[in-house]
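Report on the structure given below.
Please read these numbers as outputs of a predicted model, since none were measured by experiment. Chain letters run A, B, ... following the sequence lines, proteins first and then strands; every chain starts at 1.
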Amino acid sequence: MNAVYHPPTVESQAQEYWNDHESFRATESGEGEKFYCLAMFPYPSGRLHMGHVRCYTLADVIGRYHRLKGYNVMQPMGWDAFGLPAENAAIKNGIPPATWTKDNIAYMRGQMQRLGFGIDWSREFATCDPEYYHWEQWLFIKLYEKGLVYRKNAVVNWDPVDQTVLANEQVVDGRGWRSGAVVERREMAQWFLKITDYAEELLNELDKMTGWPESVKSMQRNWIGQSQGVEIDFAVNGRDDVLTVFTTRPDTLLGATYVAVAAEHPLAEAAAAVDAEVAAFVETCKQATTAEADLATMEKAGVATALTVKHPLTGADLPVWVANFVLMEYGSGAVMSVPGHDQRDWEFARKYDIPVVQVIAPEGDDDCDLEEAAFTEPGVLVNSGEFDGLTSAAAFDGIADALAAKSAGRRVTNYRLRDWGVSRQRYWGCPIPMIHCEHCGVVPVPEQDLPVVLPTEVQFEGVRSPLTTMESFLQVDCPECGAPARRETDTFDTFMESSWYYARFACPDANEPMVDDRVNFWAPVNHYVGGIEHAILHLLYARFYFKLMRDEGLVDADEPFTDLLMLGMVLQDGKKMSKSAGDAGDPQKLLDKYGADTVRTAMMMAAPPHQSFEWGEAQLEGALRFLKRLWSMVHEHAVGGLGGALNPAALGETAAEVRRKTHETIARADDDLGRRVQFNTVVSAVMELTNALSRFDPADDNERAVMTEGLRTALLVISPIAPHLTHVLWPMVGGEGALIEQGWPELDESALAQAVIEYVVQVNGKVRGKIEVPADAEQGVVLDLAKAADNVARHMDGKAVVKEIVVPNKLVNIVVR
RNA sequence: GCCCGGGUGGUGAAAUUGGUAGACACAAGGGACUUAAAAUCCCUCGGAGGCAACUCCAUGCGGGUUCAAGUCCCGCCCCGGGCACCA
């Protein structure tokens, strides 16, 4: 055994042991309660970045800790392999996306293995494997048959030069990133999944999900955006048509002075057909992206049409405007506008000289000035005929009833959530298993013909998907009439693959549709770890998809992820890792220089998991120094002998103090690893313990045993973070069997007992002294001792005591005047 | 613009339920060892004042609640994440 810490030797020795003993192979018959520990699988972008290192180390620490606690742990890994970057690489370098992806996976797998993650690699798969996406196609057809899949037009970013659809990310300042052409909004037929059918369940279930952070649940609630309101029908004058709008404020209906529709709305198109000004405005609205953030920050603009609608209660004619802030995707693509009581409508009305009418007055003595701003609070109705004097709440019901009586409105629960558009006009994705037949329309691919395999031998010519011109892929006979037909060339949104991979990990080789019984052994995932950037979309789609699988009878549980750990971002030059270029964040050179344990420890020390931080190498020196120290301490102690059986009753004060530190560390680290999921303080706690141990000079056999216990504790507690070094050191402190097979160290409560407790003494809230008090002292005694302390007495001198506060085992505050 | 976070020494951070602000580290400075360097070990280390004992100031900014506020409340500023086709 080498007295100098040499990470490469240590790390390959430990990894060899785990491989030879299949230490991380998880089975349903394993001992202990099952614990499915999962980190969000990576996109195989090329090489790991420090964000990956952080995420997978955190998950590994959670997994290894639960192993110590006796759970049957399953930690899988796979690859979210479809996506845009592979296509970009193909376009740029001519490498087929499949080849590029496969090479990246091989490299990144090697890096993960080098980091020593306790992964069961026998479960590995990539989402671009036909054996995987086969079942995604299969479920899609099941959902189509159930009516949960439909086709409708949706807006995309169109690059008129490259003749292609762009992702929002590929639009920079309104222009295509490659062509530089001004991007246009264009409508296209797309496939949708009816997530809105599950909106209520997705919302309500959040209340039961105690293992999720409140912030994430809050984001999801707001995203789903349930609101109670009224749907109101406005008859369109001169047309046999009704304009339906949704409002959460029917109490303001009498204050509506116009209605506004989206540029894509049929009424806008009708108006544009006969009015050049409207047509021009609709045209400018198309020179925009599909991103909501752009729309929301855009200067509000609109144009009046010659059309009018009839107010359902007053019969008055209201003008129809086309406005750029109305979203066709949300609600009915039309809104009623009440400038007196909605700030956006107020600003729009001011800009275009539309009347502002007050119909709500503040309650009580408060005042409002509609010349200054809209009054948006609830209040009391005015200028509203029979509804005058009602509160907003009462008027909500009154007006809703009045509309219902005229069949001009109905109460509805509305959601901000929109159905999930899953079509992508891209090559590197899962083919949508549909066939277009000119006789039969859209026909699903029959189950026995699945999977529709994506051809991987492709050449990119320009930027368009090779599928659109590949006759061998396109040509197919219609499954219904047998006539020549064409395959759908769109592929699925890659969120489809990442919505169920965790279920597939339970049974990666299942041949029955999608998953088999093993899924109900492992699911739900006990602890899911990933970046905060996934707080809404991925996690909501995955929850939805799991419910779709449940309703198909494939899984039993309602929710896929019990506990959720959301990581802050690792930043590089102020940018998130996955976005920043260059190799400054490449962990490879750090692994070569410091070894896996140091990189892992440094990463865990750097910040608590939920927090974002800027990665720097500063932590590495401290982590390496600490591991070296632990290494040499164990060696020195082993040479001097481990001592006999520990007899706590016979220990002197110093040794008892060391032993207390040992057991405090067990308690603290257990709480940090298990309940708090905060690992930076685990490293600190073990550092404090090793600092205490290094100051301790054992005088006899019993004291040597105290040292042995301390070192064994340090090794076990830090082992989830630095598993290699601790594996190799374990036998040197008398450990029998491999460390990976050990249990969490046992806490001896009696070792924590303190005879004397230190109190802080404050006078008027300021610290004026410290006192030592016997642990069993009464409050009166504590107070007397506090008042007698030198500096405390000085600050109390000549003043009257107003109040005395004693916080047991902590603090005394004496308030004087 | 909307939703969700965050802001503490030169740096990363700790302070768990309102109870000692700065644990544990990094960097820096000083010292020991060494022919020298590296490594290692020891000491100092928020700011100001003071020989010292101590005192005052200090957790983005401004108010408030409380015996006591980094922690709770109100109003701002700045930074990050998400906004439905990046993953």
Rounded distance (Å) that lies between atom [atom2] of [N] and atom [atom1] of [X]:
{"X": "A:Met188", "N": "B:C85", "atom1": "CE", "atom2": "P", "value": "14 Å"}
{"X": "A:Met298", "N": "B:C2", "atom1": "CE", "atom2": "P", "value": "16 Å"}
{"X": "A:Asn764", "N": "B:C67", "atom1": "CG", "atom2": "P", "value": "11 Å"}
{"X": "A:Asn680", "N": "B:C26", "atom1": "CG", "atom2": "P", "value": "15 Å"}
{"X": "A:His534", "N": "B:C83", "atom1": "NE2", "atom2": "C1'", "value": "15 Å"}
{"X": "A:Asn222", "N": "B:A84", "atom1": "CG", "atom2": "P", "value": "16 Å"}
{"X": "A:Gln619", "N": "B:A14", "atom1": "CD", "atom2": "P", "value": "11 Å"}

Nearest-nucleotide pick for [X], side chain only, options being [options]:
{"X": "A:Lys766", "options": "B:C57, B:U20, B:C83", "answer": "B:C57"}
{"X": "A:Phe613", "options": "B:A84, B:A13, B:A23", "answer": "B:A13"}
{"X": "A:Thr297", "options": "B:U16, B:A25, B:G1", "answer": "B:G1"}
{"X": "A:Tyr43", "options": "B:G12, B:A25, B:A87", "answer": "B:A87"}
{"X": "A:Val767", "options": "B:A87, B:U20, B:A25", "answer": "B:U20"}
{"X": "A:Lys810", "options": "B:C4, B:G82, B:G19", "answer": "B:G19"}
{"X": "A:Tyr541", "options": "B:A84, B:A87, B:A14", "answer": "B:A84"}
{"X": "A:Glu621", "options": "B:A27, B:G81, B:G1", "answer": "B:A27"}
{"X": "A:Asn813", "options": "B:C4, B:G80, B:G19", "answer": "B:G19"}
{"X": "A:Arg676", "options": "B:A84, B:C86, B:U16", "answer": "B:U16"}

Any donor-acceptor pair under 3.5 Å joining the side chain of [X] to the base of [N]?
{"X": "A:Glu804", "N": "B:C67", "answer": "no"}
{"X": "A:Lys628", "N": "B:U40", "answer": "no"}
{"X": "A:Arg675", "N": "B:U16", "answer": "yes"}
{"X": "A:Gln190", "N": "B:C85", "answer": "yes"}

- Query: Is the cationic atom of A:Arg185 (NZ for Lys, CZ for Arg) positioned less than 6.0 Å from the six-membered ring centroid of A:Trp158 and within 45 degrees of its normal?
  - Reply: no
- Query: Under the 6.0 Å and 45° cation-pi test, does A:Lys152 pair with A:Phe192?
  - Reply: yes
- Task: Starting from the 5' end of RNA chain B, give me the residue, A:Ser215 or A:Arg418, whose nearest nucleotide shows up first.
- Result: A:Ser215
- Item | Comparing A:Ser612 and A:Gly765 on RNA chain B - which has the more 5′ nearest nucleotide | A:Ser612
For [N] versus [M], give the span between their [atom1] atoms, rounded off to a whole number of Å.
{"N": "B:C61", "M": "B:C78", "atom1": "C1'", "value": "10 Å"}
{"N": "B:A37", "M": "B:A52", "atom1": "C1'", "value": "41 Å"}
{"N": "B:A38", "M": "B:A32", "atom1": "C1'", "value": "16 Å"}
{"N": "B:A68", "M": "B:A13", "atom1": "P", "value": "31 Å"}
{"N": "B:G64", "M": "B:U16", "atom1": "P", "value": "26 Å"}
{"N": "B:A39", "M": "B:C33", "atom1": "C1'", "value": "11 Å"}

Assign [X] to base, sugar-phosphate, or nothing according to its heavy-atom contacts below 4.0 angstrom with the strands shown.
{"X": "A:Arg416", "value": "base"}
{"X": "A:Arg221", "value": "nothing"}
{"X": "A:Asn791", "value": "sugar-phosphate"}
{"X": "A:Ala167", "value": "base"}
{"X": "A:Trp420", "value": "nothing"}
{"X": "A:Ile814", "value": "nothing"}
{"X": "A:His610", "value": "nothing"}
{"X": "A:Val165", "value": "base"}
{"X": "A:Ala606", "value": "sugar-phosphate"}
{"X": "A:Glu214", "value": "nothing"}
{"X": "A:Val760", "value": "base"}
{"X": "A:Pro42", "value": "nothing"}
{"X": "A:Gln611", "value": "sugar-phosphate"}
{"X": "A:Val156", "value": "base"}

Whom does [N] pair with, Watson-Crick or G-U wobble, provided both distances fall under 3.5 Å?
{"N": "B:G22", "result": "none"}
{"N": "B:C76", "result": "B:G60"}
{"N": "B:A28", "result": "B:U44"}
{"N": "B:G1", "result": "B:C83"}
{"N": "B:A36", "result": "none"}

- Task: Mind telling me if B:G62 is syn or anti? Syn here is a glycosidic angle within 90° of 0.
- Result: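 Judged by the O4'-C1' to base torsion, B:G62 sits in anti, the angle falling more than 90° away from 0.
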- Query: Any side-chain donor paired with an acceptor under 3.5 Å for A:Asn88 and A:Arg178?
  - Reply: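 Side chains of A:Asn88 and A:Arg178: pair found under 3.5 Å.
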- Give the intermediate values and the outcome of ring pair (Phe, Tyr, Trp, His ring centres under 6.0 Å) for residues A:Tyr132 and A:Trp500. CA-CA 10 Å; A:Tyr132 179 75; A:Trp500 71 284; 4.3 Å; yes
- Query: Run the side chain to side chain donor-acceptor pair (under 3.5 Å) check on A:Tyr415 and A:Trp223 step by step: do they pass?
  - Reply: CA-CA 9 Å; A:Tyr415 292 93; A:Trp223 185 263; over 6 Å; no
- Are A:Glu488 and A:Arg151 within salt-bridge range, i.e. N to O under 4.0 Å? yes
- Task: Indicate yes or no: does A:Arg695 engage A:Glu657 in a salt bridge with an N to O separation below 4.0 Å.
- Result: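 Salt bridge between A:Arg695 and A:Glu657, a charged N being under 4.0 Å from a carboxylate O: no.
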- I would like to know whether A:Glu621 and A:Tyr594 meet side chain to side chain donor-acceptor pair (under 3.5 Å); could you show each step before the answer? CA-CA 9 Å; A:Glu621 289 300 331; A:Tyr594 295 94; 3.1 Å; yes
- Message: Please evaluate residues A:Trp177 and A:Asp159 with respect to the criterion side chain to side chain donor-acceptor pair (under 3.5 Å), reporting the C-alpha separation (whole Å), side-chain torsions for both, the decisive distance (0.1 Å), and the verdict.
- Response: CA-CA 9 Å; A:Trp177 66 347; A:Asp159 185 321; over 6 Å; no
- Message: So if I apply the ring-ring contact (aromatic ring centres under 6.0 Å, His included) rule between A:Tyr501 and each of A:Phe41, A:Phe82, A:Tyr133, which one comes out positive?
- Response: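 That would be A:Phe41.
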